[in-house]
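Just so it is clear, the structure is predicted and the values come from calculations on it, not from any experiment.
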Amino acid sequence: MNCVNFSRAISAVRVKTTSTLAVLALFSFNSVSAELSLQQAQELAIANDPLLKGNNYRQQALRSDQTASDFWANPQLSTSVQNLPTDGFSLNQEPMTQVKIGIKQQLPRGDVNTLNREKLAVMEKEIDVNTLARIAWLKKSVALVWLDWYNAHERVRLLEEEERLLKQLMDITESRYSQGLGKAQQSDILQVRLAQLTLEDKKTIASQSLDEAHAALSEFYGAPIVDEMAPNTLRLDALVGEDENALTAFYRIVSDSEPFTLFQRHPEALSVQMKTQAQEKQVEIAREQTKSQWSVEASYGYRQDAQNGTSRADFLSVGVQVDLPYFTQPKQNADIAAALSRVNALKTDFRLKVNALASQAEVLKARLSSLIQRKSLYQGGLTSEVDGLAQTLLTAYTSDTANFSDVIGALLRQVQIQDVLLSIQIEEAKTLVSLAYLYLPSIETQPQQHTGK
């Protein structure tokens, strides 16, 4: 696993300080014209995410653990008075009496220290992968909530347009009724008022949805955003990149990539792969437990001169100790077998994860294709046909050649068509967001290709 590639990928999605400060300024000033773009919402969420900050501390802890794993166990210092006579407790009465000072050092079992350090290094890289996964998840989650906010905001705008049309129709109807023109009846006025009352209920529901979507964004910032703020214009290319050709390039990636191969590089899959590598190190550690562990010790025994003045030699002792794991070999074999089984289980989890991601991509691609066709149908003719029909019926009504109910239905149908088109556009955008979550992180973690000359 190339740590440089992970660092490059993480750096590519880091939030620029100036952009973050600009977004913070939007949250600080109550400006009626303040707008929050999708990119700003994502950047601010990433900059203020507690889990990403926690990952920095987790990596620091693992680096410290790696440093600590290089050291041997603490040496043991011992001191004792040996063979002290109980009839007088004198240090020079008996020749065997001595004051003994010793030191003992336990050596690592095999290459356990090195393997532990390597395992911790893999776990540190796993934090990098988890950081990429978290950033991708934040972008996706913020985008979905932002799109709900945009959808609610646009629905309120459409209802305001419907209100304007009904008011225009009411003015025409009241004028014709008061002047006794044509077939205008009081029931026509009542129909418009009924439509206006129904509209008031829809506006209340839409306003509630707007407030809820607006409040839902606070989950990612730890504080509510100002009420005056509104979502910026929706741009599909902004969902998958920063330049105007990003959408075309993204469609090409989705079309040309083989998902079951590409998604092996997705952070969710890589996280399982890193766990597998760490567990493989645990297998090696378990095998090292079959090796003996050695200890070395040395001691110095001091004896006082005899009571008659005769000099007594001091003692120096050295020795080694070794444990015998051979008598517990069934236990060691069981530990190795358990570690190997966990490795195989993680490899299965990796394949399941890749299959699940690839399946999601296939479902999303089919959905996106259908949504694009539906949007083309509405934008290509249905919207203009309904608008033309409504205008024709309204003109005909003023000439007493059209039924009033048909006029009402056509005007409301105009707004309904716009509402359905908005729903299609939002669903298309959400599908693109979900596809971007699958494809873009996988592309960012692809190994760099180097060609020699």
Is the closest side-chain heavy-atom distance between V112 and Q289 below 4.5 Å? yes
So that I can tick it off, tell me whether D335 and K331 are bridged by a salt bridge, with the cut-off set at under 4.0 angstrom between side-chain N and carboxylate O. yes
Quick one: does F350's side chain get under 4.5 Å of Q264's, heavy atoms only? yes
I426 side, atom CD1; L234 side, atom CG - distance, nearest 0.5 Å: 5.5 Å
Are side-chain N/O atoms of S370 and Q373 paired as donor and acceptor at under 3.5 Å? no
Could you walk me through whether Q282 and R342 satisfy the side chain to side chain contact (heavy atoms under 4.5 Å, CB included) test, starting with their C-alpha distance in whole Å, then the side-chain angles of each, then the deciding distance to 0.1 Å, before giving a yes or no? CA-CA 10 Å; Q282 188 61 44; R342 293 188 180 95; over 6 Å; no
Do L107 and Q293 come within less than 4.5 Å of each other through their side chains, counting heavy atoms only? no
Evaluate whether atom CZ of R193 has more than 12 neighbouring non-hydrogen atoms of other residues, nucleotides or ligands under 6.0 angstrom away. no
From Q39 atom CD to L239 atom CG, the distance as rounded to the nearest 0.5 Å: 11.0 Å
Interatomic spacing from CG in D201 to CG in L159 - rounded to 0.5 Å: 10.5 Å
For Y437, does its backbone N or O pair with a side-chain atom of H266 as donor and acceptor, under 3.5 Å? yes
Side chain proximity check, E280 to T276, heavy atoms < 4.5 angstrom: yes
Check ion pair E362-K365 (N to O, under 4.0 angstrom): yes
State plainly whether the residues E288 and R109 are in salt-bridge range, i.e. N to O under 4.0 Å. no
Do N355 and F263 have side chains that get closer than 4.5 Å, going by heavy atoms? no
Any donor-acceptor N or O pair under 3.5 Å, side chains S209, E212: no
Verify whether one side chain among N74 and Q105 offers a donor that lies under 3.5 Å from an acceptor in the other. no
Could you go through the side chain to side chain contact (heavy atoms under 4.5 Å, CB included) check for I372 and L368 one step at a time? CA-CA 6 Å; I372 291 175; L368 181 62; 4.0 Å; yes
Go through E162 and K202 one step at a time and tell me if the salt bridge (Lys or Arg N to Asp or Glu O under 4.0 Å) criterion holds. CA-CA 11 Å; E162 182 178 346; K202 291 194 292 184; 3.3 Å; yes
From F260 atom CZ to R351 atom CZ, the distance as rounded to the nearest 0.5 Å: 8.5 Å
Decide, yes or no, whether a salt bridge links K203 with E160 under the criterion of side-chain N to carboxylate O below 4.0 Å. no
Nearest-0.5 Å distance, CD of residue E161 to CG of residue L166: 10.0 Å
Decide side chain to side chain contact (heavy atoms under 4.5 Å, CB included) for S207 and D211; before the verdict, give the C-alpha distance in whole Å, the side-chain angles of both, and the deciding distance to 0.1 Å. CA-CA 6 Å; S207 179; D211 292 341; 4.1 Å; yes
May I have the step-by-step check of side chain to side chain contact (heavy atoms under 4.5 Å, CB included) for Q60 and I127, ending in yes or no? CA-CA 10 Å; Q60 291 176 19; I127 299 295; over 6 Å; no
CG of D323 to OG1 of T328: how many Å apart, nearest 0.5 Å? 8.0 Å
Does K430 pair with D148 as a salt bridge, N-O distance under 4.0 Å? yes
